[in-house]
Amino acid sequence: MNVNFSPEELVFQDEVRAFFAEEYPQDILEGRRKSMLASRDIYIRGQQALHTKGWAGINWPVEYGGTGWSVTQKYIFFNEFAAADCPTIIPFGLGMVGPVIYTYGTEEQKEKFLPDILSSSVWWCQGYSEPGAGSDLASLKTRADLDGDEYVINGTKTWTTLAQHADWIFILARTNSDVARKQEGISFLLVKMDAPGITVTPIYTLDGDHEINQVFFDNVRIPADQLIGEEGKGWTYGKFLLTHERANIAGVALSKQRLRKLKKKLASYEQQGQAPADVESFRRKMAEVEIQLSALEYTELRTLASVSTGKAPGPESSILKIKGTEMQQAIDNLFFELSAYGALPNLRAQYEAGYDGDIVDDDGSSLTALRYFNFRKASIYGGSNEIQKNIIAKAVLRI
Amino acid sequence: MDFSLSDEQAMLKESVVQYIDKSYGFEQRMQVVASSAPYSAEKWAEFADLGWLSLPFSTDDDGFDGGAVELMLIMQELGRGLVIEPYLAAVVLAGGCIKRSGNVALRKLLLPAIMSGESVPALAYAERGSRYTLNHVGVTAVADGEDFVINGEKFVVLNGGTADQIVLSARTSGATTDDDGITLFCVCADVAGIERQGFVTVDGAHAANITFDNVRIGKADAVSEIGLGLGILEAAILDATLAVSAEAVGIMEALTTKTIEYTRNRQQFGVPLSSFQALQHRMVDMFMELEQSRSLLLRAAIMLDEDSPDAAAAVASLKYYVGTAGRKLGEEAVQLHGGMGVSNEVDIAHLFKRITVIDTLFGNSDYQLHRYIQSS
Ligand SMILES: Cc1cc2nc3c(=O)[nH]c(=O)nc-3n(C[C@H](O)[C@H](O)[C@H](O)COP(=O)(O)OP(=O)(O)OC[C@H]3O[C@@H](n4cnc5c(N)ncnc54)[C@H](O)[C@@H]3O)c2cc1C
């Protein structure tokens with residue numbers, strides 16, 4: 001056992017650092033450092049810069065254009081990625097539907113979809129949840145009925161993240177209702193968002209952001225070859241994807257970066273005589289988060305190491321989801337507490353691209369409450385933390 | 001020992017409960033929040049008619065002489081109803097300073113207008129960098145003949161954007177964090193040299209940063225004696241801390257009731273969410289924290305009314321408790337609502353936002369615990 005990087009890995013680290021310092025669009029990084037909110041364009045340009053370097057398919061096999069990186073390389077990459085303040089990679093294409101397509105898709109589907117996913121020229125969204133089917137996803141009601149060589153889709157998906165930007169959506173829909181278990185008879189389908197009969201309506205989250213949507217399907221017709229794998233086996237593919245989603249959800253590198261920023265903010269407040277009255281108690285809370293993060297980092301590395309020996313990320317990845325989101329939320333809370341009254345003004349507009357009004361808040365404090373509010377979602381989405389505990393109880397502990 | 005309300009108190013409570021249940025709907029509130037108006041002038045006039053705006057003022061000033069228990073009763077309901085009108089800012093904070101003023105002429109001038117709803121003032125005490133410390137006053141008031149000239153900035157003044165009168169703490173002598181040398185003044189918001197940068201706060205209310213650039217006011221506008229304003233400010237903030245804690249308890253009550261109701265009605269896996277024991281225990285915890293908070297609230301209100309020497313510590317312990325337990329309860333309510341909990345159209349999200357903001361007002365849990373330790 002050892003935790004040192006090899007000489008080759010150190011060279012790789014330098015290469016990644018140099019890439020973010022020189023080749024990656026610097027305006028994006030500068031914007032993120034000033035807390036600017038990312039737009040569709042910024043996400044896409046960021047991902048395309050990675051693609052140009054050949055680094056978009058981080059977890060993808062080499063044969064499909066992936067990096068083929070080792071666990072250590074990915075670890076190095078994500079740390080540098082976060083330390084450089086890169087906007088997150090939108091997971092729906094690169095992290096979710098891409099792996100489903102290269103694992104279960106036909107050769108034609110791979111050829112048709114994978115290059116656009118890799119180059120981020122197509123934006124995907126995820127249509128799983130429905131108003132009546134959240135935690136109990138298998139009770140979903142959206143139907144896809146075969147009619148000649150087309151499926152006709154009817155129903156509604158909800159909480160769909162960034163569907164307003166999406167060109168394509170992947171959905172789980174019921175193709176057969178006459179089944180013994182409700183997990184059967186569900187299919188995994190790819191749908192173009194401009195198909196007639198699709199309407200997208202915004203849902204505003206509690207921080208006022210437009211990040212999620214409801215998507216309605218009214219007799220939407222799609223070619224039958226947009227079915228993935230076998231009809232009625234969608235639950236298997238959907239679950240495969242969900243464990244991928246969970247593994248990426250911990251966000252340790254990003255949390256470490258945010259903790260560094262929190263410490264900087266505290267230091268600058270101390271310098272200005274603006275630290276909390278009981279600064280030791282605040283430091284204690286930061287230390288507690290840091291210790292949890294150290295543990296989580298190793299838990300994640302252990303999980304990744306076992307994946308690299310050929311195992312798929314198992315139900316243990318639920319630990320990463322629960323602990324990872326708890327840490328994200330704990331850090332959000334500390335930013336909020338440190339900002340005191342500065343957290344109260346809602347000055348979101350000031351941080352949006354193109355703003356040219358007065359600057360009322362100069363250190364990002366006014367985004368801290370909004371971020372804390374918004375990230376309550378993290379323990380709800382991707383399978384809520386309660387559901388993750390059910391999974392651990394059943395599938396890991398066999399209770 | 002007697003925890004029952006007097007007849008007057010019971011009537012007050014009943015009338016606020018009725019009003020909130022019948023005349024203060026969430027949809028209407030959200031229309032006001034979505035509009036450019038900071039609050040509903042119509043509702044404010046109703047509050048005046050109901051006598052709520054006169055509640056904490058002495059009978060000498062033609063008020064109703066309400067104490068901490070009355071304030072507790074009204075604020076709990078305003079919390080439960082998520083009332084957006086600036087009762088705290090105008091009546092409890094600004095009014096709370098003015099009512100303690102020895103400047104009779106000023107009281108006679110300002111209080112009737114507050115009680116009739118005509119004047120809706122604000123209290124400007126916080127500054128960039130003051131955090132929650134009341135004696136941190138960098139705004140200066142320099143004597144010049146019979147006048148004072150005020151310079152500096154006040155930060156996140158609740159209702160500061162539209163208030164007609166601004167009560168402010170200013171330094172007439174000493175260093176930035178001295179206890180002595182702080183004077184409270186009341187200025188008309190439209191005098192030359194006042195600039196207000198208004199904004200909406202994260203809970204949908206309105207506030208402003210206010211800069212004073214050579215604002216000239218007369219000695220007659222001093223609310224406190226020159227250099228001795230801290231005591232009045234502390235007393236008003238103590239009342240206000242009790243008031244927002246009571247508001248938080250009302251919010252906790254609403255969050256608990258609504259969460260229980262939601263989990264009873266929402267079905268997943270073919271059963272109501274409320275049938276899962278893991279969730280039942282979480283709701284039991286919410287309920288227990290609500291009851292514990294209620295107890296500390298009652299205790300602090302009684303001690304304030306009795307002028308107990310331990311009243312300040314009791315209020316600090318209360319605010320610490322509702323800050324910690326209340327925020328946790330808010331997070332739990334959101335979590336148990338799933339996606340619904342984070343969507344802006346449901347009341348849960350707004351109750352949660354308000355209780356989070358309350359933790360910050362007048363010092364968050366950490367700060368209150370620190371004060372509690374220091375005072376005991
Ligand atoms: C911001 C956001 C973005 C999202 N993006 C997407 C997206 O892009 N695509 C998509 O398909 N979905 C998305 N979702 C939906 C998300 O996956 C669901 O919200 C989640 O699965 C929970 O479902 P629900 O909201 O219906 O809550 P419910 O299932 O009604 O759950 C409510 C509460 O009950 C708890 N609970 C439920 N069942 C049990 C049980 N058996 N035991 C114990 N507790 C239980 C839950 O944990 C939760 O706390 C998003 C959600 C949010 C909030």
Side-chain angles (χ1 to χ4, degrees), chain A residues 129 131-139 158-159 182 203-209 212 269 272-282 285 329 333 336-337 339-348 350 358 360-361 366 368-370 372-377 379-381 384-386 389-390, chain B residues 126-133 136 155-156 158 176-177 197 199-205 207-209 266-270 273 276 278-279 282 327 331 334-346 348-350 352-353 356-357 359-361 363-367 369-371 373-374:
Chain A
S129 309
S135 298
D136 181 15
L137 184 58
S139 69
T158 194
W159 316 122
K182 61 187 179 179
I203 299 173
Y204 293 92
T205 43
L206 73 177
D207 57 323
D209 198 7
I212 48 180
Y269 273 24
Q272 299 162 44
Q274 208 178 318
D278 188 357
V279 71
E280 277 318 309
S281 139
F282 191 81
K285 291 198 222 175
Q329 293 175 336
N333 179 48
F336 168 72
E337 288 189 6
S339 299
Y341 284 124
L344 301 194
N346 184 344
L347 299 171
R348 165 184 212 93
Q350 194 189 295
D358 293 340
V360 183
D361 168 39
S366 69
T368 60
L370 297 177
Y372 162 76
F373 292 150
N374 180 279
F375 260 70
R376 297 318 303 172
K377 70 187 175 188
S379 45
I380 297 169
Y381 64 29
S384 75
N385 287 11
E386 289 74 24
K389 287 185 186 174
N390 289 348
Chain B
E127 299 183 357
R128 250 177 237 273
S130 71
R131 296 190 79 84
Y132 312 119
T133 328
H136 181 120
F155 193 51
V156 194
L158 306 177
T176 306
T177 53
Q197 207 159 34
F199 43 77
V200 176
T201 49
V202 294
D203 54 352
N209 296 341
R266 168 82 173 162
Q267 299 246 343
Q268 288 288 276
F269 305 99
L273 291 178
F276 298 121
L279 300 188
R282 307 256 295 257
R327 283 191 58 200
E331 290 175 351
V334 167
Q335 181 69 21
L336 267 49
H337 277 73
M340 285 310 270
V342 296
S343 41
N344 216 22
E345 66 199 78
V346 296
I348 289 296
H350 296 272
F352 167 60
K353 286 192 275 188
T356 308
V357 165
D359 181 37
T360 296
L361 296 179
N364 66 8
S365 296
D366 268 9
Y367 177 81
L369 192 58
H370 182 61
R371 280 182 60 105
I373 292 167
Q374 286 187 324

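By convention in this document, chain letters (A, B, ...) are assigned in the order of the sequence lines, proteins followed by strands, and residues within each chain are numbered from 1. Computed from a prediction, not measured in an experiment: that's the story for all the values here. Heavy atoms only: backbone and side chains are in, while hydrogens, waters and symmetry mates are out.
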**Prompt:** By ring-ring contact (aromatic ring centres under 6.0 Å, His included), which residues pair with B:Tyr367, not counting sequence neighbours?
**Reply:**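 B:Tyr132.
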Side chain from CB out, backbone as N, CA, C, O: work out which of these in [X] comes under 4.5 Å of a heavy atom of chain A, or both, or neither.
X        : value
B:Phe269 : both
B:Ala126 : side chain
B:Leu279 : side chain
B:Arg282 : side chain
B:Val342 : both

Heavy-atom pair count under 4.5 Å with chain A, highest-scoring of [options]:
options                                : result
B:Gly339, B:Gly270, B:Ala349           : B:Gly339
B:Leu369, B:Asp366, B:Asn364           : B:Asp366
B:Thr177, B:Val202, B:Asp203, B:Thr201 : B:Val202
B:Leu273, B:Thr360, B:Val156           : B:Thr360

**Pairwise distance CD1(B:Ile348) to CD(B:Gln335) - rounded to 0.5 angstrom** =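 B:Ile348 CD1 to B:Gln335 CD: 13.0 Å, rounded to 0.5 Å.
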With a 4.5 Å cut-off on side-chain heavy atoms, are [Y] and [X] touching?
X        : Y        : result
B:Asp359 : B:Ser365 : yes
A:Phe373 : B:Lys353 : yes
A:Tyr204 : A:Asp209 : no

**Request:** Verify whether one side chain among A:Gln329 and A:Ser379 offers a donor that lies under 3.5 Å from an acceptor in the other.
**Result:**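 Yes, side-chain donor-acceptor contact under 3.5 Å.
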**Item:** Any side-chain donor near an acceptor of the partner, B:Glu331 and A:Tyr372, under 3.5 Å
**Value:**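 Short answer, yes.
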Heavy-atom pair count under 4.5 Å with chain B, highest-scoring of [options]:
options                                : answer
A:Val360, A:Asp207, A:Ile203, A:Asp358 : A:Val360
A:Asn390, A:Thr205, A:Asn333           : A:Thr205
A:Ser139, A:Ala343, A:Ser135           : A:Ser135
A:Ser339, A:Ala275, A:Ala340           : A:Ala340
A:Ser129, A:Ala369, A:Pro276           : A:Pro276

**Asked** For B:Arg128, does the CZ atom sit with more than 12 other heavy atoms under 6.0 Å from it, leaving out its own atoms?
**Response**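 Count over threshold, so yes.
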**Asked** Considering only heavy atoms, which portion of A:Lys389 lies under 4.5 Å from any heavy atom of chain B: side chain, backbone, both, or neither?
**Response**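 Contact with chain B is absent: no heavy atom of A:Lys389 under 4.5 Å.
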**Item:** Atom group of A:Ala138 that falls short of 4.5 Å from chain B, counting heavy atoms
**Value:**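 For A:Ala138, neither part sits under 4.5 Å from chain B.
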**Request:** Answer yes or no: is there a donor N or O on one side and an acceptor on the other, between the side chain of B:Gln268 and the main chain of A:Leu137, under 3.5 Å?
**Result:**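 No, B:Gln268 side chain to A:Leu137 backbone: no donor-acceptor pair under 3.5 Å.
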**Message:** Under the criterion side chain to side chain contact (heavy atoms under 4.5 Å, CB included), I'd like the reasoning laid out for A:Glu337 against A:Thr368: C-alpha separation, chi angles, the key distance, then a yes or no.
**Reply:** CA-CA 9 Å; A:Glu337 288 189 6; A:Thr368 60; over 6 Å; no
